[in-house]
Amino acid sequence: MGICNQTTVTQFILIGLSDLPEVRYPLFVVFTIIYQVTLVGNGVILLAIGTEKKLHTPMYYFLANLSLLDIFCPSVTVPKMLENLLTEKHSISYIGCALQLYFLVALVGTEVFLLSVMAYDRYVAICFPLRYTLMITKVRCVQLTAGTWVAGFLNSLLHTVSTFHLSFCKSNQVNQYYCDIPPVVALSCSSTYVAEMLILVEAGILGSSAFLVIFISYFYIISTILKIQSAEGKRKAFSTCASHLLVVCLFGGTTIFTYVRPFSSQHSPARDRLISMLYGIITPMLNPMIYSMRNTEVKGAIRRLLYQKACL
């Protein structure tokens, strides 16, 4: 399926997860269920926050944006992956590949920035509780959230232009089940030095800054919690942060592994696909469970929402 030298690539072939019929169909069923659970779980979180006035606070406003991202992110890659598993049609147009890469990187970047904003929100709430409503106003919430979306999409635009400015004439087989920067750049027959350095330096700076905000925020949060005298106070403070910290570890670790490393280094394609599934498919499914199980207010809102639906 490769394209010979001197031929311009007009479409790409996504390698996918497996070509074995006995594996493809079970995988189709599994990932269809995971995708549906992701949509329903995050949709319920959005409905619960939207209908429960008690949850109309900055913390849950940011959580609603996280749920939106967890709906959009797998929606960029999973439908095409399911089509490939079901029909064995593994091709994607050049424009389709560019758009898929753009929206995926934009949404992943936005989520990284949003997680740092959520960490800052918890830092202010726990370390400066009396000044929280003055520091985190509705206007400030909108500004911070809009900033994360704008930064994520502008960052992705830069990387998408840099990636597809390269020449592709060696092969059109993308060693992944969707179009992403590392496997697409690996297909280039021109120098990839600028594209690789751009993501290592620019994404490294932005990503490091975001995770530095998270690290510093939680350093002060933990220091403040340890000073609380009552065990109940400590438990309540930790419970408000535990969900967010778990999401950061799940999502942040896998995205760092995927993007902040040299593309030319030796790596296993199977391992890369597994890591990408963790942050692109599994984590968006787990996030609603993590937040609903650890948060009594969210659990209560979901119960009331389901009770109202059952009574209709």
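Just so you know, these numbers come straight off a predicted model, no measurement behind them.
- Using modelled atom types and a 3.5 Å distance limit, the side chains of Glu297 and Tyr60 yield a donor-acceptor pair.
- Within 6.0 Å of atom NE2 in His165, 12 or fewer heavy atoms from other residues, nucleotides or ligands are found, so the atom counts as exposed in its surroundings.
- Met285 approaches Pro288 most closely through the heavy-atom pair O-CD, 3.3 Å.
- Inter-residue side-chain proximity for Tyr25 and Val29 is flagged as unmet; no heavy-atom pair is nearer than 4.5 Å.
- With a 4.5 Å cut-off on side-chain heavy atoms, His244 and Leu115 count as touching.
- Of all the heavy atoms in Pro183 and Leu187, the pair that sits closest is O-CG, 3.4 Å.
- Between the CG atom of Leu114 and the CG atom of Leu107 there is a distance of 11.5 Å, given to the nearest 0.5 Å.
- Rounding to the nearest 0.5 Å gives a distance of 4.5 Å between OG of Ser67 and CG of Asn42.
- Under the 4.5 Å side-chain heavy-atom criterion for grouping Ile, Leu, Val, Met, Phe, Trp and Tyr, Phe215 is not connected to Ile222 through any hydrophobic cluster.
- Residues Phe164 and Tyr94 form a side-chain contact, since some pair of their non-hydrogen atoms from C-beta on lies under 4.5 Å apart.
- For the 3.5 Å distance criterion, the side chains of Glu83 and Thr87 fail to qualify, holding no donor opposite an acceptor.
- Listed for the Ser162 side chain is no donor-acceptor partner under 3.5 Å among the backbone atoms of Leu158.
- Side-chain N or O atoms of Thr148 include one that pairs as donor or acceptor with a backbone N or O of Thr145 at under 3.5 Å.
- Looking at Asp121, its side chain never comes within 3.5 Å of a backbone N or O of Ile136 through a donor-acceptor pair.
- Side chain of Glu111 to backbone of Leu66: no donor-acceptor contact under 3.5 angstrom is found.
- No side-chain donor-acceptor contact under 3.5 Å links Thr192 to the backbone of Ala195.
- A distance-only check finds a donor-acceptor pair linking the side chain of Ser156 to the backbone of Tyr102 [under 3.5 Å].
- Under the 4.5 Å side-chain criterion, counting only non-hydrogen atoms from C-beta, Val247 is not in contact with Met118.
- The aromatic rings of Phe168 and Phe12 stand perpendicular to each other, their planes meeting at an angle above 60°, with 30° marking the opposite boundary.
- Taken together through direct or relayed side-chain contacts under 4.5 Å among Ile, Leu, Val, Met, Phe, Trp and Tyr, Ile45 and Leu39 form part of one hydrophobic cluster.
- Relative orientation of the Trp149 and Phe153 rings is parallel, given thresholds of 30° and 60° on the angle between their planes.
- The closest side-chain heavy-atom distance from Ile302 to Lys299 is not below 4.5 Å.
- Residues Ile49 and Ala64 approach most closely at CD1-N, 3.9 Å, considering heavy atoms.
- Ile15 places a side-chain heavy atom less than 4.5 Å from the side chain of Gln173.
- Val150 is not connected to Leu104 by any chain of hydrophobic side-chain contacts under 4.5 Å among Ile, Leu, Val, Met, Phe, Trp and Tyr, and they are in different clusters.
- Judged purely by atom type and a 3.5 angstrom limit, Thr38 uses its side chain to pair as donor or acceptor with the backbone of Ile34.
- Of all the heavy atoms in Phe113 and Ala210, the pair that sits closest is CD2-CB, 4.3 Å.
- Using modelled atom types, no side-chain atom of Tyr123 and backbone atom of Val213 make a donor-acceptor pair closer than 3.5 Å.
- Within the 4.5 Å cutoff, no side-chain heavy atoms of Tyr177 are placed close to those of Leu14.
- A donor-acceptor contact shorter than 3.5 Å links the side chain of Ser190 to the backbone of Ser167.
- Under a hydrophobic clustering in which Ile, Leu, Val, Met, Phe, Trp and Tyr are joined whenever their side-chain heavy atoms come within less than 4.5 Å, directly or via other members, Leu46 and Tyr61 fall into the same cluster.
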